[in-house]
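What you see is a predicted model; the values in this text were computed from it and never measured.
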Amino acid sequence: MSETQQPSRWLVTTEWLASHLGAPDVVVVDGSYYLPTHKRDAASDYVAGHIPGAVRFDVDDVSDHTQTLPHMLPTAEAFAAKVGALGIGDDDTVVIYDGLGMFSSPRVWWTFRLFGAEKVFILERGMPKWQAERRPIEAGLVTRPPRKFTARMNADIVAALPKIQSVLTDNSAQVVDARPADRFRGDAPEPRPGVRPGHIPGSLNVPSTELVKDGKLLPADELRRAFTAGGVDIERPIITSCGSGVSAATVWLALEALGKKPAALYDGSWSEWGSRNDLPAATGPK
């Protein structure tokens, strides 16, 4: 599926997608999501222009609405219903892109894989590269006939707060935070109200921006250097984290590219931990 020169088998190029656009078994998904600091609206951006045939996957809509935390994972039944309604079936090849190149697309990719999808890929450099190459864009909403999607959740790779507390206490896994260094240190405010600055005591920082440049996952040697610089031993178990579980998936993608699949992803991430005044918060580089 993905080309041999790609740093990960889960990536495809704009050239590949352009040559397969319109194939009956290929579904393009706009998985764009933006932080408040991006000052962009994913829904209106999608309506204004998207890759032809792309359906929109809204991480806030396809989530557990009984939770107050942002875009927490839905149940398998809810995911199956939402994805089936988008016109995505069990046998389809899914290609996900986002409006920043590679920001939220890894989270959508990881979510599909969590629920059992095997043929799901990320468009390298996403919408910015597609537009820069003057490839076709269409406006409006895309609807596809509903399909049957069978979701089976691999709950073992989702970490809840007690798991994070446990692994940091017994040193059985490393918690790797993908937020920017200034937010990890507590020097910059969090983008969500009610969330303290700082990080989980004992966690390590490998900003996702050190793994992806211009929407492109870095080569293996540069990925290794980034993890080493963050004090991470990639030979030991790793749980990925971030602000709300989005860029944590970029760390997951990078580790898989190195042949080191993480143990789990902390879905609540700092949005959960940092909003709990009964939990400790660390500041500074460690």
If Ile, Leu, Val, Met, Phe, Trp and Tyr residues are connected whenever their side-chain heavy atoms lie under 4.5 Å apart, and connections chain through other members, are F103 and V120 in the same group?
yes

Please report the C-alpha distance between H50 and Y97 in whole Å, then the side-chain angles of each, then the deciding distance to 0.1 Å, and finally whether the ring-ring contact (aromatic ring centres under 6.0 Å, His included) criterion is met.
CA-CA 10 Å; H50 52 260; Y97 73 90; 8.2 Å; no

Counting only heavy atoms not in K119 (residues, nucleotides, ligands), do more than 12 fall under 6.0 Å from its NZ?
yes

Do the non-hydrogen side-chain atoms of I234 and L258 ever get within less than 4.5 Å of each other?
yes

Could you tell me whether a side-chain N or O of N205 sits under 3.5 Å from a main-chain N or O of R179, the two making a donor and an acceptor?
yes

is_close_aromatic(Y33, H71), centroid dist under 6.0 Å:
yes

Going from CD on E210 to OG1 on T250, what distance comes out if it is rounded to the nearest 0.5 angstrom?
13.0 Å

Salt bridge K129-E124, side-chain N to carboxylate O under 4.0 Å
no

Would you call D30 and F57 a side-chain contact if the rule is heavy atoms closer than 4.5 Å?
no

Polar side chain donor-acceptor pair, R40 to Y34, under 3.5 angstrom
yes

Between H199 (side chain) and K286 (backbone), is there a donor-acceptor pair under 3.5 Å?
yes

Is the backbone N or O of G53 less than 3.5 Å from a side-chain atom of E138, with the two atoms forming a donor-acceptor pair by type?
yes

Would you say the side-chain atoms of R107 pair up with the backbone N or O of G245, donor to acceptor, closer than 3.5 Å?
yes

What pair of heavy atoms forms the shortest contact from P191 to T37, and how long is it?
CB-CG2, 4.4 Å

Check: R147 and V27 side chains under 4.5 Å, non-hydrogen atoms:
no

side-chain contact (heavy atoms from CB on, under 4.5 Å) for C242 and S269? Distances and angles first, verdict last.
CA-CA 5 Å; C242 60; S269 285; 4.1 Å; yes

Do NZ/NE/NH1/NH2 and the carboxylate oxygens of D61 and K82 come within less than 4.0 Å?
yes

Any sub-3.5 Å donor-acceptor pair from W273's side-chain atoms to P280's backbone N or O?
yes

Are L218 and L211 packed together at the side-chain level, in the sense that at least one heavy-atom pair is separated by less than 4.5 angstrom?
no

Testing I88, L86, V83 one by one against V29 for a side chain to side chain contact (heavy atoms under 4.5 Å, CB included), which residue passes?
I88

Establish, yes or no, whether the cationic atom of R113 lies under 6.0 Å from the six-membered ring centre of W10 and within 45° of the ring axis.
yes

Joint cluster assignment, F184 & L279, ILVMFWY side-chain distance < 4.5 Å:
no

Sub-4.5 Å side-chain heavy-atom contact between I51 and L123
yes

Nearest-0.5 Å distance that lies between atom CZ in F112 and atom CH2 in W109:
13.0 Å

Please answer whether the main-chain N or O of V94 pairs with a side-chain N or O of D92 as donor and acceptor at a distance below 3.5 Å.
no

K261 and L255: CA distance, side-chain angles, deciding distance, side-chain contact (heavy atoms from CB on, under 4.5 Å) verdict:
CA-CA 6 Å; K261 186 174 180 179; L255 286 166; over 6 Å; no

Main-chain N/O of I200 paired to S203 side chain as donor or acceptor, under 3.5 Å
yes

Counting C-beta onward and ignoring hydrogens, is there a side-chain heavy-atom pair between L265 and I157 closer than 4.5 Å?
no

How about F149 and F79: are their ring centres within less than 6.0 Å of each other?
yes

Is it the case that the side chain of K213 and the backbone of T209 share a donor-acceptor pair, with hydrogens and angles ignored and the cut-off at 3.5 Å?
yes

L69, L73: one ILVMFWY side-chain cluster at the under-4.5 Å cut-off?
no

Is there a path of hydrophobic side-chain contacts, each under 4.5 Å between heavy atoms of I/L/V/M/F/W/Y residues, joining M102 to V251?
yes

Does any part of the side chain of W110, heavy atoms only, come nearer than 4.5 Å to the side chain of L253, both counted from C-beta?
no

Apply the test side-chain contact (heavy atoms from CB on, under 4.5 Å) to residues L114 and R152: give CA-CA distance (whole Å), side-chain angles for both, the deciding distance (0.1 Å), then the verdict.
CA-CA 8 Å; L114 169 72; R152 295 173 293 273; over 6 Å; no

Determine whether more than 12 heavy atoms belonging to other residues, nucleotides or ligands lie under 6.0 Å from atom CG of D214.
no

Would you call R185 and D187 a salt bridge, taking side-chain N to carboxylate O under 4.0 Å as the test?
yes

Using side chain to side chain donor-acceptor pair (under 3.5 Å), reason through R125 and T14 one step at a time and then give a plain yes or no.
CA-CA 8 Å; R125 299 180 64 184; T14 52; over 6 Å; no

Check: S32 side chain, G99 main-chain N or O, donor-acceptor pair, under 3.5 Å:
yes

Evaluate the criterion side-chain contact (heavy atoms from CB on, under 4.5 Å) for residue pair F121 and T93; output intermediate values, then yes/no.
CA-CA 8 Å; F121 302 88; T93 294; 4.0 Å; yes

Do W270 and V232 belong to the same hydrophobic cluster, where Ile, Leu, Val, Met, Phe, Trp and Tyr are linked whenever their side-chain heavy atoms lie under 4.5 Å apart, directly or via other members?
no

Between the side chains of D90 and T150, is a donor N or O closer than 3.5 angstrom to an acceptor N or O?
yes

Would you give the length of the straight line joining atom CG of L217 to atom CD of E256, rounded to the nearest 0.5 angstrom?
11.0 Å

Indicate yes or no for a side-chain donor-acceptor contact from K260 to the backbone of E235 under 3.5 Å, with no hydrogens or angles considered.
no

When you compare the side chain of M127 with that of I137, does any pair of heavy atoms fall below 4.5 Å?
yes

Answer yes or no: is there an ion pair linking E190 with R196, defined by an N-O contact shorter than 4.0 Å?
no

